[in-house]
Amino acid sequence: MVVSSNEEEGLGKTMMSCFEGVSANPVFWFVSAISAIAAFVLLWVIKYQNFKGKVFYALTFIAMIWTLIMVGLEVVSDNFACQMLWATMAWLGNALLPVAWCFFVFAYVDNAAWLKTRAAGATLAVVPISAFALAATNQWHHLVYTDASAISLENGSINYIHGHGFYVIIASLYTFVFAALLCLARAFTRAKQSAWPLLSVFIVITLTPLTANAGYVVFDLTVFGLDPTAFMFTLGILAFTWILVRNKTMDMAFVGQSGLANAMSEPVIMIDRNNKIFRINKAAKDNYFIQNSTHFVNELRANIENINLRETLSNLNTGSRIYEPRIQEIESPLDPSRAILGWSITFVDVTENIAIRGALEEALQRADEASRAKDEFISVVSHELRTPLTSLIGGLKLARSGKLGETTASIQSMLDIAHRNSIRLSRLVDNILLAQKIDINALVLEHEPVDLGQILKESFKENQMFAAEQGVQFALDQIDNGPTITGDAFAIRQVIDNLISNAIKFSNDHGTVTGGLTTLNGQARLSITNSGQGIPKGMESQIFGRFEQVKNSNQHSTQGSGLGLHISKKLVNQMAGDIFYQSEEDQVTTFYVTFPLTEIEQI
């Protein structure tokens with residue numbers, strides 16, 4: 001059975017009379033305690049937490065506290081007028097809460113710029129005021145609650161019969177709820193997986209009161225005979241605040257917590273978007289480090305937004321230790337592509353590294369000086385040997401000719417040996433000077449058309465006598481109309497002579513040295529092949545090294561300076577060519593020299 005309300009007992013009853021007897025009801029004290037705790041948490045969040053959308057989060061808290069108090073007063077009231085009064089007052093919180101929460105979600109998750117516009121501020125004020133105004137004037141239009149609304153004798157609470165205005169208000173507020181859900185859905189598509197639990201909490205908080213309100217509107221589900229929306233949202237907000245207090249979910253330091261492990265030996269300082277030091281680890285709290293780094297850190301803070309993180313910064317020298325600052329941007333896991341949360345500066349101790357580097361540089365400098373001194377010594381000695389060698393060779397040549405008188409066979413033999421060795425010594429001096437010129441890039445080569453086939457033929461012809469003395473046969477492939485390259489004819493001849501000479505020296509008795517010349521893929525390829533002991537694997541650096549020789553099993557070591565192939569490789573490379581070899585032990589070895597063909601030859 002329902003008792004009808006009297007119009008004269010409506011909203012005209014004074015608010016003071018509605019407070020009578022409230023303090024004696026334990027429900028009032030329970031609601032007051034919850035509200036006080038929420039207010040305390042709100043003040044703590046405002047003072048100690050720093051996150052995007054904090055203003056909207058605070059408004060959500062205020063709306064929640066207001067709604068709780070109004071709902072509590074409505075529960076403890078025992079007459080129609082007071083219950084309707086508190087239900088009307090609750091609309092300020094009921095309407096502000098979803099709007100403020102929606103704006104907070106957009107600020108925190110999306111960092112939406114439109115929240116700073118006047119239209120956003122106006123929406124935040126107009127929506128709750130309009131809902132309250134419509135409810136406050138209900139006694140004249142009955143659009144929010146119809147005149148059929150009355151107190152039920154069963155529970156002493158008003159059985160609200162909703163009018164069209166009520167559903168208009170609810171539909172308007174649902175718009176903000178769905179907007180928040182859409183924002184969170186978009187965030188899921190771009191956020192890192194580490195942010196998904198947080199986004200899930202946002203969605204649960206948003207959906208829970210929506211579900212409760214839908215149950216109230218459609219199925220008349222109530223809590224203490226009242227709309228359960230406020231209660232469900234309160235639970236969600238308090239749960240979320242507990243996460244905030246316990247885990248610092250929204251705190252910038254929580255996002256960068258992995259970079260602030262106190263177990264790290266390196267000092268770490270974190271700076272927020274406002275260039276304020278937000279966190280430091282245990283190593284950075286050391287008094288000695290703080291005293292010697294304050295000025296350096298302040299300069300970094302002042303210019304951190306303009307620092308190119310790819311460039312190496314100047315080191316921090318504290319006197320006894322040297323630190324290299326390494327700056328890392330802290331991105332938001334909710335949206336890595338947008339504004340960063342701050343910066344993490346790790347000071348890596350590079351004292352030992354710098355000391356080692358300095359010692360290495362000093363050792364390299366000493367080695368370089370020793371190498372230059374050696375080269376200068378060799379150059380001086382070589383130049384000093386050239387003049388007496390020229391005179392010695394000339395005198396020996398004159399004595400061997402018989403113009404100075406007849407010589408016995410034994411003396412003639414000794415003169416021949418002396419002449420051969422003087423020629424070898426002269427070639428060694430020439431090679432040393434040439435190698436030095438090449439190494440310091442002082443050798444200038446000609447760049448003119450060269451008939452590579454003609455040079456190969458001439459070299460084979462002039463080395464025929466040496467081959468015969470060693471018991472080696474020559475074989476030259478057909479090379480008529482040989483390819484033309486661009487280079488220095490004298491240098492190329494020197495390279496070919498060296499390869500042929502080596503092939504003869506390393507050939508077996510009665511072996512054969514074969515020369516070939518082909519063109520392939522725009523390059524001329526010259527080859528010198530001999531049948532001999534071959535070259536062991538892994539000898540490339542020694543083969544083309546300076547003063548390096550490979551032992552011949554028949555001769556133990558070849559006669560030579562060990563500069564021939566080193567010089568040949570340098571000369572070929574200087575003419576844009578390449579030199580390499582292929583060898584099979586105890587069978588054959590082939591050295592290849594390649595040069596790019598001239599444009600005419602390629603056509």
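The chain is numbered in sequence order, starting from 1. Hydrogens, waters and symmetry mates are skipped; everything else that's a heavy atom, side chains included, is used.
A distance-only check finds no donor-acceptor pair linking the side chain of Q523 to the backbone of T594 [under 3.5 Å]. In terms of modelled atom types and a separation under 3.5 Å, the side chain of D110 and the main chain of A112 share no donor-acceptor contact.
Legend: residues meeting side chain to side chain contact (heavy atoms under 4.5 Å, CB included) with A58, ordered by chain and number and at least two apart, are L42, I46. Remark: D349 pairs with R321, T351 by the side-chain hydrogen bond (donor to acceptor under 3.5 Å, both in side chains) rule, at least two apart or across chains. For F56, the ring pair (Phe, Tyr, Trp, His ring centres under 6.0 Å) partners are F103, not counting sequence neighbours. Considering only residues two or more places apart in sequence or on other chains, I161 meets the side chain to side chain contact (heavy atoms under 4.5 Å, CB included) condition with T146, A148, S149, N159. Taking L92 as the reference, W66, F132 meet the side chain to side chain contact (heavy atoms under 4.5 Å, CB included) condition, with sequence neighbours excluded. Applying the side-chain hydrogen bond (donor to acceptor under 3.5 Å, both in side chains) rule to H164 yields no partners; only residues at least two apart in sequence or on another chain are considered. For A179, the side chain to side chain contact (heavy atoms under 4.5 Å, CB included) partners at least two apart in sequence or on another chain are C102, F106. With sequence neighbours excluded, no residue forms a side-chain hydrogen bond (donor to acceptor under 3.5 Å, both in side chains) with N521. Under the rule for a side-chain hydrogen bond (donor to acceptor under 3.5 Å, both in side chains), R357 has no partner lying at least two apart in sequence or in another chain.
The two residues P596 and A576 have their closest heavy-atom pair at CD-O, 3.3 Å. In this structure, L59 and A100 approach most closely via the heavy-atom pair CB-CB, 3.9 Å. Residues T346 and E266 share a closest heavy-atom pair of CG2-CB, 3.9 Å. Closest non-hydrogen pair, V109 versus A187, comes out as CG1-CB, 3.2 Å. Residues L68 and S35 come closest through the heavy atom pair CB-OG, 3.9 Å. Closest approach of P98 and N94 over heavy atoms only: CD-O, 2.9 Å.
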Donor-acceptor pairs are to be reported for all side-chain atoms of residues 122-131 against protein atoms at under 3.5 Å, with residues two or more places apart or in another chain.
from	atom 1	to	atom 2	distance (Å)
T123	OG1	A119	O	2.8
S130	OG	V126	O	2.7

Anything under 3.5 Å between a donor and an acceptor, one on a side chain of residues 358-365, the other on a protein residue two or more places apart or in another chain? List them.
from	atom 1	to	atom 2	distance (Å)
E362	OE2	R366	NH1	3.1

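Rounding to the nearest 0.5 angstrom, the gap separating the OG1 atom in T60 from the CD1 atom in I65 is 11.0 Å. In this structure, the separation between CG on L143 and CD1 on I169 is 9.0 Å, given to the nearest 0.5 Å. Rounding to the nearest 0.5 Å places CG of L85 at 5.0 Å from SG of C18. Rounding to the nearest 0.5 Å gives a distance of 11.0 Å between CD1 of I345 and CG of L316. Between N79 atom CG and I158 atom CD1 the span is 8.5 Å, to the nearest 0.5 Å. Of the inter-residue distances, the one linking H162 atom NE2 with I170 atom CD1 reads 7.5 Å to the nearest 0.5 angstrom.
Between T88 and N138, every side-chain heavy-atom pair lies at or beyond the 4.5 Å cut-off. At least one side-chain heavy atom of W86 sits less than 4.5 Å from a side-chain heavy atom of M70. For the pair D78/Q83, no side-chain contact is recorded, criterion being any heavy-atom separation below 4.5 Å from C-beta on.
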Apply side-chain contact (heavy atoms from CB on, under 4.5 Å) to F347 and I269, showing your working.
CA-CA 8 Å; F347 291 87; I269 296 176; 3.9 Å; yes
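The salt bridge (charged side-chain N to carboxylate O under 4.0 Å, His left out) pairs that include a residue from residues 161-172 number zero, where partners must be two or more places apart or lie in different chains.
Applying the ring pair (Phe, Tyr, Trp, His ring centres under 6.0 Å) test between F104 and each of F61, Y57, F176 identifies Y57 as the sole match.
Using cut-offs of 30° and 60° on the angle between ring planes, the pair W91 and Y145 is tilted.
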